[in-house]
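See below for the structure under consideration.
Along the sequence shown, residues carry numbers from 1.
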Amino acid sequence: MPTYRVNYEHIGSNGTITVEVPTDAAAGDQRQLEDTIAKRVGERILPHAELAFRHEDDLTYMQKLEKAYDLIIQDYERV
């Protein structure tokens, strides 16, 4: 599984986390990759983030994290 280093901001504090992404998500389109990264980050930082992911709307997972939990994924890179 490819590994990504993700820089984020959560309630005014900056942090970095490393997450593994399934190969099929990494090889998919940009939204699929970003949704998978956001989901992994959300699950690691916010145990209740799954609640935001369940909402049926057209927001990306990154947008859902920002809207519901003030968690902003600033950038990510494959390591």
Item checked: With sequence neighbours excluded, residues passing ring-ring contact (aromatic ring centres under 6.0 Å, His included) with Tyr76 -> none
Distance in Å, [X] [atom1] paired with [Y] [atom2], rounded so as to fall on 0.5 Å steps:
| X | Y | atom1 | atom2 | answer |
| --- | --- | --- | --- | --- |
| Ile37 | Arg78 | CD1 | CZ | 10.0 Å |
| Thr36 | Met1 | OG1 | CE | 11.5 Å |
| Tyr8 | Arg44 | OH | CZ | 9.0 Å |
| Leu65 | His10 | CG | NE2 | 9.0 Å |
| Glu9 | Glu66 | CD | CD | 9.0 Å |
| Tyr61 | Leu71 | OH | CG | 15.0 Å |

Next item on the list: Check the pair Lys64 / Asp57 against side-chain contact (heavy atoms from CB on, under 4.5 Å), numbers first and verdict last.
Entry: CA-CA 9 Å; Lys64 290 178 182 189; Asp57 55 25; 2.9 Å; yes
Checklist line | Nearest heavy atoms of Gly42 and Phe53, plus distance in Å | finding: CA-CZ, 4.5 Å
Item checked: Atom of Tyr69, atom of Ala52 and distance for their closest heavy-atom approach -> CE1-CB, 3.6 Å
Checklist line | Shared hydrophobic cluster for Ile73 and Leu59 (ILVMFWY, side-chain gaps under 4.5 Å) | finding: no
Item checked: In one Ile/Leu/Val/Met/Phe/Trp/Tyr side-chain cluster, 4.5 Å: Val6, Ile72 -> no
Notebook entry, point to check: Does the side chain of Asn7 pick up a donor-acceptor pair with the side chain of Thr16 at under 3.5 Å?
Noted result: yes
Taking distance alone, no hydrogens or angles, what donor-acceptor pairs closer than 3.5 Å link side-chain atoms of residues 20-29 to residues at least two apart or in another chain?
{"residue": "Asp29", "atom": "OD1", "partner": "Arg31", "partner atom": "N", "Å": "3.4"}
{"residue": "Asp29", "atom": "OD1", "partner": "Gln32", "partner atom": "N", "Å": "2.8"}

Checklist line | With Asp58 via side-chain contact (heavy atoms from CB on, under 4.5 Å) - residues at least two apart | finding: none
Next item on the list: Using a 4.5 Å cut-off on heavy atoms from C-beta on, say whether the side chain of Ile45 contacts that of Ile17.
Entry: yes
